[in-house]
Amino acid sequence: MYKFKEIEKRWQEIWEKEKFFKADIDRNKEKYYVLEMFPYPSGKIHMGHVRNYSIGDVVARFKRMFGYNVIHPMGWDAFGLPAENAAINRGIHPKDWTLSNIEYMKNQLKRLGFSYDWDREVATCLPEYYRWNQWIFIKMLEKGIAYRAKTTVNWCPTCQTVLANEQVDDDGGCWRCGTTVEQKEIDSWYLKITDYAEELLQDLELLKGHWPDPVIEMQKNWIGKSIGAKVKFPLEEKIEDIEHIEVFTTRPDTLFGVTYLVLAPEHPLVEKLTKEEYKEKVKDFIEKMRKTEKRKRTTGELEKEGVFTGSYVIHPLTGEKIPVYIANFVLMDYGTGAVMSVPAHDQRDFEFAKKYNLPIKIVITPENETIDAEKLEEAYEKPGIVINSEKFTGMKSTDAKVAITEELEKKGLGEKAIQYRLRDWNISRQRYWGTPIPVIYCEKCGIVPVPENELPVKLPENVKFTGEGNPLEKVEEFVNTTCPKCGKPAKRETDTMDTFFDSSWYFLRYCSPDCETLPFRPEEASYWMVVDQYIGGIEHAVLHLLYSRFFTKVLRDLGLFKADTNHKQYKFFKAGEPFENLLTQGMVCKRWIKVKTALSALGVKEEDDLSALINALGGKSENKGKTVKKFMAENRIGNGDNFLLVISNDEIAKHIGNWEEKLEELVKVHGELSKMSKSKLNTVSPEDMINRYGADATRLYILFAAPPETEFEWKMEDIEGAFRFLKRVFGFVEETASIFAENPSLSSLSKTGKELRRKAHETLKKVTEEFNERFKFNTAIAAIMELFNLISRFKPETEGDKAALKEAIELMIIMLSPITPHIAEEMWKITGHKTLLSTHKWPEIDKKALIKEEIELPIQINGKVREKVTVPADINEETLKETVLNLEKVKKYTEGKEIKKFIYVKGRLVNVVVK
């Protein structure tokens with residue numbers, strides 16, 4: 001009997017006690033580093049975690065059985081804003097909240113039987129980890145990679161605190177008090193990732209064929225290399241020592257179409273350029289931008305707005321006066337914070353020009369076509385032929401880019417330039433739950449790094465979480481210190497690091513989690529690195545992966561990330577690339593139904609009495625004197641919420657005996673498919689699935705449902721199917737276990753015995769290829785299921801057939817073990833094996849068994865299949881022709897006709913062409 005709870009608990013305890021998955025350096029074996037992106041300890045694992053980690057565990061278990069020395073670690077991305085929010089909302093310390101979540105989630109992961117080396121576990125919130133964040137920061141400071149500069153942040157004037165983007169609601173208000181959020185300029189710490197921009201871009205070539213193409217493309221776009229020109233627009237009136245405004249453009253071919261210049265409202269020149277009569281309007285507009293979330297200004301969702309400064313610049317080649325505006329679609333963070341606007345050939349500029357009635361001058365047209373500026377409905381942004389551009393008229397726009405840039409260089413008003421969209425990384429966070437930035441401010445000595453022998457700078461624990469300001473600023477014993485250089489009173493930095501800092505090198509710490517002298521031992525990293533297979537969600541395709549690549553290059557330049565030239569992955573070490581192969585798993589989705597959709601499907605309106613809704617759901621209720629709208633308001637249910645909140649409410653559910661079935665029916669017909677999320681209430685608890693069906697069935701279903709890279713829809717009937725399959729397999733193995741007490745020989749196989757053996761080794765070949773190369777676990781599982789169907793029907797005729805059955809069952813159990821390890825171990829034991837299956841060597845494919853003695857061939861007459869024939873696999877064409885033409889059905893279609901051709905596609909088909 002398949003008692004999955006007992007089986008899974010027993011084997012998990014054995015694996016843990018014996019430390020079967022502990023990884024130690026063994027230079028006589030080839031290493032394999034498989035890694036899943038580590039989780040944030042939010043409290044419970046979700047199905048996205050289960051899918052990610054199940055994929056990694058199959059790879060780890062298979063590679064271990066295949067002979068590799070496998071490292072498969074796990075840890076916790078444990079700093080972050082949610083813990084601080086929990087402290088504010090629940091009155092619990094972030095440390096206590098985080099560590100309790102880690103303990104709970106760790107037990108959940110263990111219940112799934114993942115083969116982690118828990119001796120290598122790291123948690124980024126512990127001083128023994130973040131000490132090395134601080135060490136790396138100081139090294140970056142010494143190299144000039146870390147620096148301090150001004151930045152603009154979301155600021156709540158009521159809470160007196162900086163807000164993360166996710167703490168600003170859709171209306172631009174503070175998540176806690178609702179006050180309109182402002183933009184405020186403060187000092188922040190940056191990392192000069194732009195120093196590595198070109199290398200980060202060029203090394204994507206090394207990753208081609210190893211990483212998904214969309215991820216490489218997303219990284220390219222984020223780095224955003226642009227080749228163009230810097231252009232100087234002289235000011236009409238010189239202001240102090242400022243003579244011009246410099247812009248960067250990728251389209252110098254459109255220079256003659258510039259009709260206005262735009263500055264970012266934050267541009268330092270705005271105040272100096274603004275004439276007295278425009279100061280009030282400019283001031284009001286800047287204030288409005290202070291209260292406008294920066295993200296909205298970059299997405300294009302805002303209507304284009306701006307104001308005139310009253311100042312002009314001079315066109316560098318025509319001498320024309322050009323007005324200078326400020327506008328909401330230009331940011332100081334991008335380029336120079338100034339844009340030359342060509343409304344005929346840039347859509348943003350076109351919309352702005354239309355709104356403010358600014359000139360639109362066409363300077364590029366399609367070949368052999370003309371464009372009328374007055375009839376233009378959108379900007380023409382494609383290349384073409386240059387017009388209205390003095391001596392450059394008639395050139396192709398691609399040639400004009402070069403020629404106009406050269407002209408600017410001659411006049412000293414421009415030059416060829418390369419620019420990157422990538423900005424330096426702001427790592428400062430005005431929050432408590434993060435790595436303290438190890439810097440001291442001294443009135444005499446300035447900015448002083450904390451000495452290495454004083455690391456880590458620990459987070460104080462006697463902190464009050466009110467939601468107002470940065471909690472660290474109020475801890476006097478933390479803030480007040482002495483300068484390491486002069487010994488005088490000084491102040492500590494109270495900003496903490498962006499949590500991406502923590503996750504940008506954790507994979508290296510796994511190599512030496514106990515190291516107390518360096519972030520990791522270079523000699524150990526040179527053995528385990530680089531990560532052979534990294535697995536995680538597409539949502540991390542840009543920032544996490546880009547920052548990890550950047551960190552590894554910096555650590556390479558610090559001399560820590562290095563390997564001998566004979567290392568198999570030397571080219572990755574040389575490039576400072578941490579991950580050789582990347583798999584981005586698809587999302588786990590589930591159907592749900594919105595309140596609005598459900599009401600519409602039921603023919604109920606919000607103004608209707610609540611009894612109308614109850615009756616439409618199949619219940620019975622008299623007039624209640626309460627509308628659906630009032631019921632929703634009382635229960636704080638919105639139109640976009642899950643209808644589950646309505647139908648499960650006691651006020652309605654008590655009238656409907658089978659509300660779960662009714663909801664399921666509505667979801668099936670009218671629901672929508674979305675990624676599982678708490679906000680949509682369409683999640684499935686992994687814990688519930690483990691309790692109901694077991695870890696193995698949960699793993700089997702989630703791996704069988706779809707290829708790893710694609711999303712799939714969670715269906716309860718399908719996980720039930722996975723459970724039934726395992727139950728059948730287990731029952732069959734129990735029933736046939738007696739065969740393993742015998743020792744039959746393969747010498748006397750019947751025809752069906754040979755077929756079973758061929759199928760077993762065919763399946764082994766397919767599963768090996770899918771596990772080792774393609775990671776198409778769904779097709780591997782399908783092949784195993786097909787093999788089991790054949791095994792379960794097989795009736796041995798000879799002693800050799802018993803041997804074939806015994807071998808097929810063994811192979812099936814071994815092939816299942818990376819996917820469903822607990823049941824596989826149990827069946828391995830039931831069949832009399834004394835050693836653990838987890839330590840067993842992956843079987844070799846018997847190529848001789850794959851050879852078919854007989855093959856079935858379809859027979860076509862003039863391309864249409866009319867018959868089938870079973871013949872020896874090595875039959876020659878002459879014998880085959882004679883056999884085919886003598887078949888009764890073939891005679892029927894060829895009688896009295898001329899046979900023009902006899903075509904044999906070896907091992908596949910026969911085609912007889914007759915006339």
Side-chain angles (χ1 to χ4, degrees), residues 144 147-152 183-190 192 194-195 226 228-252 254-256 258-287 289-290 306-342 349 358 404-420 423-424 426 446-447:
Y147 66 95
R148 203 161 185 248
K150 297 283 185 188
T151 192
T152 305
Q183 300 298 300
K184 183 180 180 180
E185 200 173 62
I186 62 170
D187 288 315
S188 283
W189 283 97
Y190 284 84
K192 204 175 282 186
T194 51
D195 279 3
S226 299
K230 285 181 181 176
V231 185
K232 294 175 182 176
F233 285 80
L235 294 173
E236 183 191 28
E237 299 173 14
K238 184 179 174 184
I239 299 172
E240 297 173 6
D241 59 342
I242 301 162
E243 297 182 348
H244 61 263
I245 295 174
E246 187 173 74
V247 304
F248 172 83
T249 178
T250 59
R251 295 293 303 273
T254 66
L255 184 59
F256 287 86
V258 175
T259 59
Y260 62 100
L261 229 66
V262 180
L263 300 181
E266 306 87 357
H267 199 291
L269 279 180
V270 170
E271 189 178 348
K272 294 176 181 178
L273 285 171
T274 303
K275 301 292 185 184
E276 192 60 41
E277 60 269 36
Y278 296 98
K279 281 190 183 297
E280 198 63 37
K281 282 187 178 180
V282 168
K283 182 183 174 185
D284 290 346
F285 186 75
I286 291 172
E287 183 63 23
M289 289 303 101
R290 282 183 66 236
V307 290
F308 181 42
T309 63
S311 289
Y312 292 85
V313 291
I314 305 301
H315 193 288
L317 296 184
T318 68
E320 294 173 276
K321 277 174 59 174
I322 302 209
V324 180
Y325 283 74
I326 61 173
N328 62 351
F329 60 89
V330 181
L331 293 172
M332 199 61 216
D333 293 354
Y334 294 95
T336 63
V339 172
M340 65 174 222
S341 294
V342 188
D349 300 344
L358 294 165
I404 290 173
T405 302
E406 288 174 350
E407 184 73 10
L408 289 166
E409 286 175 337
K410 282 180 194 172
K411 293 179 176 287
L413 291 170
E415 61 183 354
K416 184 179 177 182
I418 292 173
Q419 186 167 286
Y420 298 91
R423 301 290 91 191
D424 280 343
N426 179 351
I447 296 173

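These values consider heavy atoms only, across backbone and side chains, with no hydrogens, waters or symmetry-generated copies.
- Atom CE of M340 and atom CG of L261 lie 9.0 Å apart (nearest 0.5 Å).
- Scanning both residues, V270 and A264, for their nearest heavy atoms gives CG2-O, 3.5 Å.
- In this structure, P265 and F285 approach most closely via the heavy-atom pair CG-CE2, 3.9 Å.
- Here CD of E237 is found 9.5 Å from CD1 of I314. Values are rounded to the nearest 0.5 Å.
- Note that the CD atom of Q183 and the CD atom of E287 stand 11.0 Å from one another [nearest 0.5 Å].
- For the atom pair CZ of F308 and NZ of K275, the computed distance is 9.0 Å after rounding to the nearest 0.5 Å.
- Counting only heavy atoms from C-beta outward, the side chains of P234 and L413 approach each other to under 4.5 Å.
- At most 12 non-hydrogen atoms from other residues, nucleotides or ligands lie less than 6.0 angstrom from CD of E271.
- Side-chain atoms of I447 and W189, non-hydrogen and from C-beta on, do get closer than 4.5 Å to each other.
- Formation of a donor-acceptor pair under 3.5 Å by the H244 side chain with backbone atoms of V313 is not found in this model.
- A salt bridge between K232 and E246 is absent, with no side-chain N of the basic residue lying under 4.0 Å from a carboxylate O of the acidic one.
- The side-chain heavy atoms of L317 and K411, taken from C-beta on, include a pair separated by under 4.5 Å.
- Counting heavy atoms from C-beta on, the side chains of V247 and V339 never come closer than 4.5 Å.
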- Message: Checking L235 against I245 for the side chain to side chain contact (heavy atoms under 4.5 Å, CB included) test, could you report, in this order, the C-alpha distance in whole Å, the side-chain angles of both residues, the deciding distance, and whether it holds?
- Response: CA-CA 7 Å; L235 294 173; I245 295 174; 3.9 Å; yes
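- Panel note: side chain T254, backbone R251; a donor-acceptor pair is recorded below 3.5 Å.
- For the pair L269 and I239, the minimum side-chain heavy-atom distance is 4.5 Å or more.
- Between the side chains of T151 and Y190, at least one donor N or O lies within less than 3.5 Å of an accepting N or O.
- Counting all heavy atoms, side chain and backbone alike, A417 lies closest to K230 at CB-CG, 3.7 Å.
- Ion pairing between E266 and K150 fails under the 4.0 Å rule for side-chain N and carboxylate O.
- For K279, the NZ atom counts as densely surrounded, since its 6.0 Å shell holds more than 12 non-hydrogen atoms of other residues, nucleotides or ligands.
- P252 is not listed as a side-chain neighbour of V231, based on a closest heavy-atom distance of 4.5 Å or more.
- The two atoms that bring F248 and G228 nearest to each other are CZ-N, 3.8 Å, heavy atoms only.
- T318 approaches E320 most closely through the heavy-atom pair OG1-OE1, 2.9 Å.
- Atom CD of E415 is separated from atom CD of E409 by 7.0 Å, given to the nearest 0.5 angstrom.
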- Show your reasoning for whether side chain to side chain contact (heavy atoms under 4.5 Å, CB included) applies to I326 and V307. CA-CA 6 Å; I326 61 173; V307 290; 3.5 Å; yes
- Task: Start with the C-alpha gap between T194 and Y420, add the side-chain angles, then the distance that decides, and say whether side chain to side chain contact (heavy atoms under 4.5 Å, CB included) holds.
- Result: CA-CA 8 Å; T194 51; Y420 298 91; 5.8 Å; no
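- A338 and V330 make their closest contact through N-CG1, 4.4 Å (heavy atoms, listed as atom of the first residue, atom of the second, distance).
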- Task: Check the pair T259, V342 against side chain to side chain contact (heavy atoms under 4.5 Å, CB included), reporting the backbone distance first and the verdict last.
- Result: CA-CA 6 Å; T259 59; V342 188; over 6 Å; no
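- Ring-plane geometry between Y325 and Y260 is classed as perpendicular, the angle between the planes exceeding 60 degrees on a 0 to 90 degree scale with a lower cut at 30.
- Once rounded to the nearest 0.5 Å, the distance linking OG1 of T152 with CE of M289 reads 13.0 Å.
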